[in-house]
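A short write-up of the structure that comes next.
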Amino acid sequence: MKVLFLIEELRKQLFTWWDCFGRHDLPWKYYSVDFITSNSKEALDGELDPYPIWIAEIMLQQTQVRVMLSYWERWMKAFPNKKVLAEARLDQVLLAWQGLGYYTRAHRLHAAAFKLKDSPWPRTLEGWMALPGIGRTTAGSILSSAFNYPFPILDGNVRRLLARLTAFDEPQVNMENYFWSLSNDLLDKERPRDFNQALMDFGALVCTPFNPTCQSCPFQKVCSAYSLGNVRRFPLKNKSKLFPVKVIGIAVILNQVGDVLIDQRLDKGLLAGMWEFPGGKQEEGELIEKTIEREVFEELAIHVEVKERLIELEHKYGQKQFRFIVHLCKWLSGDPKPLASQQVRWVSPNSLHEYPFPAANSKIIQALVEYLSLEIDHNPP
DNA sequence: CATACGTGGAC
DNA sequence: TGTCCAAGTAT
């Protein structure tokens with residue numbers, strides 16, 4: 001009885017906060033034109049187009065709103081509905097995702113669009129979770145957001161909020177199960193769309209990872225973590241192990257007509273399907289010039305002359321740390337073969353923007369473009 | 001079930 | 001400056 005009252009009270013307080021301070025301007029919540037006009041038989045009263053919501057939910061996985069927002073806007077222009085996305089080339093899809101990270105999300109989005117293109121939108125948890133890239137949280141989020149169906153969510157925001165309210169202090173597996181049932185118990189079954197959004201907004205704006213604003217929090221009196229005086233301790237973190245820095249030698253190879261050699265990474269694993277400049281790991285006691293020469297021969301079966309350094313940069317992929325040392329190279333002999341990649345290609349430096357590159361390579365491209373423009377200034381035709 | 005999977009932002 | 005963290009999923 002007391003618990004029920006507390007839940008009712010919590011919902012009421014949350015909605016009061018949300019009405020004043022929630023994020024009511026997220027564009028995918030107002031982008032229902034396509035759904036209403038072209039699928040009017042599908043759309044029931046008060047429902048939103050699942051497509052823009054689905055795209056947003058995938059982009060939001062481990063990614064903050066302000067980072068993905070511009071990507072979402074460009075995406076909706078390039079691929080306005082699931083049919084266009086399904087028929088787009090993977091290269092174009094990866095290009096639209098370039099810089100967002102976790103590129104398997106783009107592959108899976110493309111594959112899921114193909115499965116969905118000629119069918120009505122799924123309206124069950126199982127239907128959504130059967131699609132690649134969609135787990136329980138994303139499925140629940142789409143179902144509540146688009147159709148106002150009462151499915152709970154457990155994303156980072158909700159997990160953090162619940163962990164602090166309860167000061168939950170047990171191993172991770174128990175925590176997940178408990179929080180899922182708690183999220184379901186709390187869910188307002190009359191207003192699931194608003195409630196889930198309010199929960200996430202609260203986590204993102206008040207119960208934040210750093211500097212939560214407990215002073216103005218309506219749940220301060222019932223928050224166990226706050227009463228323990230250690231809000232930041234929750235949720236409990238896993239200790240992460242550090243990786244040593246690896247040095248990678250990279251070759252920007254130019255041939256006699258000024259084209260540059262790039263390769264497309266394998267379609268599995270890290271940065272799958274993205275393009276890059278060839279290179280590899282420096283071995284113990286090896287000169288970086290030797291690394292580049294060796295890697296180029298091993299991966300492409302060509303000989304190059306390693307010239308001056310173009311740029312050097314640090315880059316981290318999560319826990320992995322790299323130092324990229326990039327040298328300009330002159331092609332000497334051999335027809336490049338894709339021995340460690342899907343394909344290799346000589347391209348004009350001006351057309352590099354047509355290929356999806358990971359973030360670190362974008363900086364290399366920038367350095368190359370600057371170098372080439374200087375060359376032209378110093379050696380006018 | 002622990003780990004792979006990117007990048008940019010905050011402090 | 002290094003460390004932690006973000007609207008998670010798949011294996």
Side-chain angles (χ1 to χ4, degrees), chain A residues 22-23 26 28-29 53-72 94 97-109 111-112 128-145 151-161 163 171-177 179-180 183 193 196-205 207-212 232-243 245 265-274 276 313-322 356-363:
Chain A
R23 297 177 292 193
L26 299 174
W28 44 92
K29 300 253 170 173
I53 293 171
W54 169 42
I55 301 302
E57 291 299 336
I58 301 298
M59 286 185 171
L60 282 162
Q61 290 169 0
Q62 299 289 281
T63 309
Q64 297 179 349
V65 172
R66 63 171 165 284
V67 174
M68 56 68 82
L69 192 53
S70 63
Y71 282 85
W72 182 87
L94 284 176
W97 203 271
Q98 173 175 256
L100 245 196
Y102 286 148
Y103 297 94
T104 57
R105 291 185 293 174
H107 291 260
R108 288 169 181 156
L109 214 35
W128 279 102
M129 289 183 68
L131 296 168
I134 295 181
R136 190 170 170 192
T137 284
T138 302
S141 200
I142 294 171
L143 285 162
S144 62
S145 207
F151 289 94
I153 55 172
L154 184 55
D155 70 335
N157 289 312
V158 178
R159 183 178 296 107
R160 186 171 57 251
L161 174 61
Q172 178 132 20
V173 176
N174 296 333
M175 177 175 88
E176 290 294 292
N177 292 335
F179 285 173
W180 269 111
S183 179
R193 174 192 290 145
N196 280 342
Q197 189 60 51
L199 222 43
M200 288 190 283
D201 286 356
F202 192 84
L205 300 174
C207 199
T208 51
F210 304 99
N211 302 326
R232 278 296 304 276
R233 178 159 180 265
F234 304 94
L236 253 48
K237 289 117 190 140
N238 298 329
K239 45 184 177 285
S240 57
K241 49 183 176 181
L242 286 174
F243 290 77
V245 180
R265 295 176 62 90
L266 301 175
D267 66 357
K268 301 271 186 196
L270 186 70
L271 303 168
M274 303 289 282
E276 65 178 5
L313 42 99
E314 304 280 339
H315 198 76
K316 289 180 190 171
Y317 298 108
Q319 262 97 330
K320 296 192 177 95
Q321 304 180 73
F322 294 98
F357 283 88
N361 281 263
S362 299
K363 291 174 186 165

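In what follows, every chain begins at residue 1, and chains take the letters A, B, ... in the order their sequences are listed.
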Please give the distance between the [atom1] atoms of [N] and [M] as a whole number of Å.
{"N": "B/dT3", "M": "C/dA7", "atom1": "P", "value": "23 Å"}
{"N": "C/dT9", "M": "B/dG8", "atom1": "P", "value": "23 Å"}
{"N": "B/dC5", "M": "C/dC5", "atom1": "C1'", "value": "16 Å"}
{"N": "C/dG8", "M": "B/dC1", "atom1": "C1'", "value": "16 Å"}

Name all residues meeting the ring pair (Phe, Tyr, Trp, His ring centres under 6.0 Å) criterion together with [X]; count only those two or more places apart in sequence or in a different chain, and write none if there are none.
{"X": "A/F234", "value": "none"}
{"X": "A/H107", "value": "none"}
{"X": "A/Y317", "value": "A/H315, A/F322"}
{"X": "A/F179", "value": "A/F168"}

Run the side-chain hydrogen bond (donor to acceptor under 3.5 Å, both in side chains) test against [X] and tell me which residues pass, sequence neighbours left out.
{"X": "A/S183", "answer": "none"}
{"X": "A/T138", "answer": "A/Q61"}
{"X": "A/R159", "answer": "A/E176"}

Using modelled atom types only, decide if a donor and an acceptor are shared between the side chain of A/R108 and the backbone of A/P132 within a distance under 3.5 Å.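 Side chain of A/R108 to backbone of A/P132, a donor-acceptor pair under 3.5 Å: no, none is there.
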Quick one: on DNA chain B, does A/N211 or A/L271 contact a more 5' nucleotide (nearest heavy atom)?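 So the residue in question is A/L271.
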Heavy atoms only, 4.0 Å cut-off, all strands: where does A/K268 land among base, sugar-phosphate and nothing?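 Result for A/K268 = nothing.
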What are the 5'-most and 3'-most nucleotides of DNA chain B lying under 4.0 Å from any heavy atom of chain A?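 Listing 5' to 3', DNA chain B meets chain A from B/dC1 to B/dC11.
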What string of B, S and - do you get for nucleotides 4-11 of chain C, 5' to 3', when a contact is any protein heavy atom under 4.0 Å? BSBBBSS-
